[in-house]
2 protein chains.
Amino acid sequence: MNNKEKLRKAGLRPTKQRMIIADILLDGINRHFTAENLQNEINSSGNSMSIATIYNCLKKFRNCGLIKQVESSKDTAIFDTNINQHHHFLDEETGELIDIENDEVNLHKLPKIPQGYLNNGVEVLIKIKKQV
Amino acid sequence: MNNKEKLRKAGLRPTKQRMIIADILLDGINRHFTAENLQNEINSSGNSMSIATIYNCLKKFRNCGLIKQVESSKDTAIFDTNINQHHHFLDEETGELIDIENDEVNLHKLPKIPQGYLNNGVEVLIKIKKQV
DNA sequence: AAGTAGTTTAGAACGATTTTAAAGTAAAAA
DNA sequence: TTTTTACTTTAAAATCGTTCTAAACTACTT
């Protein structure tokens with residue numbers, strides 16, 4: 001399926017701007033990035049786009065499940081092109097994130113989900129720090 | 001150990017402002033809060049404090065391990081008085097956090113920590129959403 | 001071809017947090 | 001004790017990521 005079809009299937013109009021972003025992000029390679037990182041990539045690809053459009057796009061893509069947003073208390077939002085359930089190592093000093101595939105973690109026992117709620121995804125974060 | 005001793009032990013000068021905050025936070029009750037929540041509590045207790053001091057204090061307390069900061073991609077930093085390793089349910093709609101005690105989760109298998117790094121704490125986040 | 005609903009944009013606005021620099025205070029030294 | 005020193009607090013300004021505004025634009029429908 002090409003990117004235009006992917007956008008349509010997600011219920012998004014395939015505008016010029018969304019196609020530029022889709023061409024960068026939806027290439028099957030897993031990566032973590034910020035809005036600013038993406039703007040730099042867009043610029044490097046010979047295009048340009050308002051930062052407001054980039055934020056709009058990322059929000060739409062995230063809400064449609066085309067990308068994910070990582071849970072992290074950094075000051076800048078970090079997005080992830082890997083939309084499968086998976087986990088992360090986080091170096092709190094540098095903010096660097098490293099993927100952990102889902103099958104590398106085995107959650108033997110999970111608590112009961114609170115009454116009236118549904119499980120909407122489990123994320124394991126292993127904080128790491130450089131050895132001294 | 002009283003709060004003045006706790007601050008000294010943590011390497012922090014027990015100033016008037018830090019004592020006010022310690023008296024609110026270090027009472028053994030687990031809670032999640034933002035800088036603004038804390039300022040409201042300070043005001044309710046008949047005291048007042050510059051927001052800059054509150055941020056300074058929270059950063060120091062966090063760096064000393066007197067409190068923790070929760071990993072969450074909310075726009076506002078959330079702190080936690082429960083400094084033991086534990087986990088959270090997160091309602092992404094409302095931002096509500098619910099504690100999960102460490103023994104309610106059983107991590108049967110963990111990935112190898114990357115070369116040159118040390119494990120610095122594991123956090124499990126279970127995202128939940130309201131049933132419709 | 002015309003209409004309409006959704007999209008993009010620059011720039012302003014916003015909200016959380018940090019910085020600045022001056023005044024204040026706790027602890028150490030004399 | 002007094003003095004000195006280093007650390008802390010503060011209000012206000014600055015910063016930074018993100019969202020809003022409203023006007024121009026564009027994809028899709030009729």
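Residue numbers start from 1 in every chain, and the chains themselves are labelled A, B, ... in the order their sequence lines are given, proteins ahead of strands.
Within the structure, every pair that satisfies the side-chain hydrogen bond (donor to acceptor under 3.5 Å, both in side chains) test and touches residues 5-25 of chain B, not counting sequence neighbours, is listed here: B:N3-B:D23.
Summarising the geometry, the separation between CG on B:L58 and P on C:dA16 is reported as 14 Å, rounded to the nearest angstrom. A:K74 has its NZ atom 15 Å from the C1' atom of C:dT17, to the nearest Å. Distance CG (A:N47) to P (C:dT8): 13 Å, rounded to an integer number of Å. For B:Q39 and C:dG15, the CD to P distance is 15 Å, given to the nearest whole Å. If you take CD1 of A:I54 and C1' of C:dT7, they are 15 Å apart, rounded to a whole angstrom. Across the protein-nucleic acid pair, A:I42 atom CD1 and C:dT8 atom C1' stand 13 Å apart, rounded to whole Å.
The side-chain contact (heavy atoms from CB on, under 4.5 Å) test with A:H88 singles out one residue from A:I126, A:I78, A:L97, and that residue is A:L97.
The CG atom of A:L25 sits 12.0 Å away from the CD1 atom of A:I20 when rounded to the nearest 0.5 Å.
Partners of A:L118 under the side-chain contact (heavy atoms from CB on, under 4.5 Å) rule, at least two apart in sequence or in another chain, are B:Q131.
No donor-acceptor contact under 3.5 angstrom links the side chains of B:N56 and B:T53, judged on distance only. Remark: the A:H32 side chain and the A:D99 side chain contain an N/O donor-acceptor pair separated by less than 3.5 Å. Counted by atom type alone, A:H86 and A:N30 present zero donor-acceptor pairs between their side chains at under 3.5 Å.
Closest approach of A:F33 and A:L58 over heavy atoms only: CE1-CD2, 3.7 Å.
When the side-chain nitrogen and oxygen atoms of A:Q17 are compared with OP1 and OP2 of C:dT9, one or more of them lie within a distance under 4.0 Å.
For the segment residues 19-27 of chain A, the set of residues with a heavy atom within less than 4.0 Å of an atom of DNA chain C is empty.
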Heavy-atom protein contacts under 4.0 Å, nucleotides 24-30 of chain C, coded B base, S sugar-phosphate only, - none: --BS---
Heavy-atom protein contacts under 4.0 Å, nucleotides 12-21 of chain D, coded B base, S sugar-phosphate only, - none: -----SSBB-
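Residue A:K60 is in sugar-phosphate contact alone, with no base atom involved, counting any heavy-atom pair closer than 4.0 Å across all strands shown.
Here the side chains of B:N120 and A:I128 are not in contact, with every heavy-atom distance at 4.5 Å or above.
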Salt bridge (Lys or Arg N to Asp or Glu O under 4.0 Å) evaluation trace for A:K127 with B:E123: CA-CA 8 Å; A:K127 290 179 278 184; B:E123 273 185 46; 2.8 Å; yes
Could you give the side-chain donor-acceptor pairs of residues 41-51 of chain A under 3.5 Å, partners two or more places apart or in another chain?
| residue | atom | partner | partner atom | Å |
| --- | --- | --- | --- | --- |
| A:E41 | OE1 | A:R31 | NH1 | 3.3 |
| A:E41 | OE2 | A:R31 | NH1 | 3.2 |
| A:N43 | ND2 | A:Q39 | O | 3.4 |
| A:S44 | OG | A:N40 | O | 2.8 |
| A:S45 | OG | A:I42 | O | 2.7 |
| A:S45 | OG | A:N47 | ND2 | 3.0 |
| A:S50 | OG | A:A52 | N | 3.1 |

